[in-house]
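Here the structure comes first, spelled out in structure tokens, and everything after it is commentary.
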Protein chains: 2
Amino acid sequence: MMITLTEENYIKAIYHLGKLGTANVSTNAIAKEMETKASSVTDMVKKLSEKAYVDYKKYQGVSLTEKGKAIAVNIVRKHRLWEVFLVEKLNFLWDEVHDVAEQLEHIKSPKLIDELDAFLNFPTHDPHGDPIPDKDGNFSKLDKVKLSKVAVGETCTCVGVEDSSSAFLKYLDNHKIALGSKIEVIAIEPFDESVTILINASKLNISKHVSNNLFVRTN
Amino acid sequence: MMITLTEENYIKAIYHLGKLGTANVSTNAIAKEMETKASSVTDMVKKLSEKAYVDYKKYQGVSLTEKGKAIAVNIVRKHRLWEVFLVEKLNFLWDEVHDVAEQLEHIKSPKLIDELDAFLNFPTHDPHGDPIPDKDGNFSKLDKVKLSKVAVGETCTCVGVEDSSSAFLKYLDNHKIALGSKIEVIAIEPFDESVTILINASKLNISKHVSNNLFVRTN
DNA sequence: AATAATTTTTAGATAACTCTAAAAATATAT
DNA sequence: ATATATTTTTAGAGTTATCTAAAAATTATT
């Protein structure tokens, strides 16, 4: 029984919703996420249950089985690897990648994704700073942190953004803050929480807003 | 009206069949190519006709309209660019690329394909030696030629294979004949039509079979 | 040209996924 | 605890793409 594109999208939605809370994912929540009707969700959830991708009891919502979770994680892996490819190799901006990655994540070819992984040098995080699971579905332990949380004296690498408005991305571009930029935190002003950083061998003072919307990984 | 994946595949099949002969493409020919039944083809062909992708008169077969042809050529462009990517960047062999490219060719993003084109340095031919149409649908004039057709003294570049059996590909691999290899034809033996070539700065005698299944581009 | 063979189309059904509207179950409020 | 509101499910129907079987048109044969 081949898994369909629609089934994959439902599994992905359930996976993302499941990470938000601890309880089962509700029919309505899935309907909202998938931009469809609750009755359609009920039908699909029954099918996913028959195929053992989810555990489902009437009126009680669903949760992914191990089998379902493995599929979800693999889709996430593919999605994020493609995002890295688009940004690093094809000059996409951080906010342009999502729709295309959404299509590419469904391409079926284990060799393709393993070779892509190697080609990109086994990245651990995507352009938004989210971790990329490895072949076996394991996520990197080191998580991204907002720059505003980094202590004075520490060095870190820019891995993503929270705010992906074009105004914000333009600001980053103007100041040569890019994916992979090395940043050292020199000082934090107590009165406005602005942060002085060393980047590209020059000093720069950035506002609380910026430091709060920039994800970094400390080393 | 969005074009569906199935519609794209029918248009592609009609395009390829249309290149074989001059007449309209028959329902049965499409059915065979698509591995489906003639009745399904009739239904689909009606739909394609309504959407103005094909000209269709009952019992007379179909031909692509300009609109349909533009879509077909764009799919061919995407398919062949992805093939180049897979072989040149992701270590795929010539005979491994087809199924994956068949999936990738349906990804919708003009930016993606233009950037991929640039990333690959605007290749004019795919790993099988077939020409890649440009953005506007124009094919390169210089066509591939069988090595057996190249005259003594001429230099050419290896661009593809006719026979893509693994035995043949292994032979090429063993003799370091690869995509992009420069070949000079030194002599052609009259009695068995074997060809002596200069490749990788050393002489090699190849049989008629090999020279007949190797595509090159003369410069 | 009439008959036979082939191709193509129509008619009616099926499977996957979706919808609306109504019924059933659960959660909330008084 | 009973009534009300919300959520979820069921029932029935539509769409897309497919199929089988039978009818219609075209092509080939004698």
Side-chain angles (χ1 to χ4, degrees), chain A residues 1-14 17-18 20-64 68 71 75 102-103 105-106 108, chain B residues 1-15 17-18 20-64 68 71-72 75 102-103 105-106 108:
Chain A
M1 278 293 149
M2 254 292 283
I3 190 166
T4 69
L5 192 137
T6 315
E7 286 168 354
E8 283 194 352
N9 281 329
Y10 271 94
I11 289 171
K12 198 179 89 176
I14 294 166
L17 293 168
L20 302 178
T22 165
N24 282 356
V25 178
S26 78
T27 301
N28 262 4
I30 299 170
K32 200 175 173 189
E33 175 83 9
M34 299 283 300
E35 296 182 324
T36 184
K37 294 297 151 79
S39 55
S40 307
V41 173
T42 301
D43 280 356
M44 179 54 79
V45 146
K46 280 181 189 169
K47 200 167 63 142
L48 293 177
S49 174
E50 273 164 29
K51 290 193 175 184
Y53 297 126
V54 300
D55 289 317
Y56 167 62
K57 271 192 239 108
K58 271 191 192 178
Y59 297 99
Q60 304 308 135
V62 291
S63 60
L64 291 176
I71 285 171
I75 297 172
E102 199 99 298
Q103 296 178 62
E105 73 189 5
H106 297 291
K108 277 164 192 71
Chain B
M1 276 294 148
M2 253 292 283
I3 189 166
T4 69
L5 192 137
T6 315
E7 285 168 355
E8 283 194 352
N9 281 330
Y10 271 94
I11 290 171
K12 197 179 89 174
I14 295 165
Y15 176 78
L17 293 168
L20 302 179
T22 165
N24 283 356
V25 178
S26 78
T27 302
N28 261 5
I30 300 170
K32 199 174 173 188
E33 175 82 10
M34 300 282 302
E35 297 183 322
T36 184
K37 295 297 153 79
S39 56
S40 307
V41 174
T42 302
D43 280 355
M44 178 54 78
V45 146
K46 279 182 189 167
K47 198 165 64 138
L48 294 177
S49 175
E50 273 165 28
K51 291 193 175 186
Y53 296 126
V54 300
D55 289 317
Y56 167 63
K57 268 192 240 112
K58 271 191 193 180
Y59 296 99
Q60 304 308 135
V62 290
S63 60
L64 290 177
I71 285 171
I75 296 173
E102 202 92 305
Q103 297 178 61
E105 72 189 6
H106 297 291
K108 277 164 191 72

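The chains referred to below are lettered A, B, ... by the order of the sequence lines, with proteins before strands, and numbering in each begins at 1.
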**Report entry** side chain to side chain contact (heavy atoms under 4.5 Å, CB included) assessment of A/Tyr53 paired with A/Val62
**Finding:** CA-CA 10 Å; A/Tyr53 297 126; A/Val62 291; over 6 Å; no
Report task. Side chain of A/Tyr56 only, please: which of D/dT26, D/dT9, D/dT18 is the nearest? Result -> D/dT9
Query raised in the report: Hey, can you pull the residues of residues 33-42 of chain B with a non-hydrogen atom under 4.0 angstrom from DNA chain D?
Result: B/Thr36, B/Lys37, B/Ser39, B/Ser40
Query raised in the report: Heavy atoms, side chains only, cut-off 4.5 Å: are B/Thr27 and B/Val45 in contact?
Result: no
Query raised in the report: What nucleotide, of C/dT18, C/dT8, D/dT10, holds the atom closest to the side chain of A/Lys58?
Result: D/dT10
**Report entry** Contact check, side chains of A/Thr42 and A/Lys46, non-hydrogen atoms, under 4.5 Å
**Finding:** yes
Run the side-chain donor-acceptor check on residues 7-14 of chain A: report pairs under 3.5 Å with partners two or more places apart or on a different chain.
residue	atom	partner	partner atom	Å
A/Glu7	OE1	A/Thr4	N	2.9
A/Glu7	OE1	A/Lys51	NZ	3.2
A/Glu7	OE2	A/Lys47	NZ	2.9
A/Glu7	OE2	A/Lys51	NZ	2.9
A/Glu8	OE1	A/His106	ND1	2.6
A/Glu8	OE2	A/Lys108	NZ	3.0
A/Asn9	OD1	A/His106	NE2	3.0
A/Lys12	NZ	A/Glu102	OE1	2.7
A/Lys12	NZ	A/Glu105	OE1	3.4
A/Lys12	NZ	A/Glu105	OE2	2.6

Query raised in the report: Closer than 4.0 Å, any side-chain N/O of B/Asn28 to the OP1 or OP2 of C/dT8?
Result: yes
Report task. Between B/Asp43 and A/Leu5, name the one whose nearest nucleotide on DNA chain C is closer to the 5' end. Result -> B/Asp43
Query - Side-chain N or O of A/Tyr59 closer than 4.0 Å to phosphate OP1/OP2 of D/dT6 - result: no
Report task. Identify the heavy atoms of B/Ala38 and B/Ala31 that sit nearest to each other, and give their distance. Result -> N-CB, 3.8 Å
Query raised in the report: Looking at B/Ser26, does any N or O in its side chain come under 4.0 Å of the phosphate oxygens OP1/OP2 on C/dT7?
Result: no
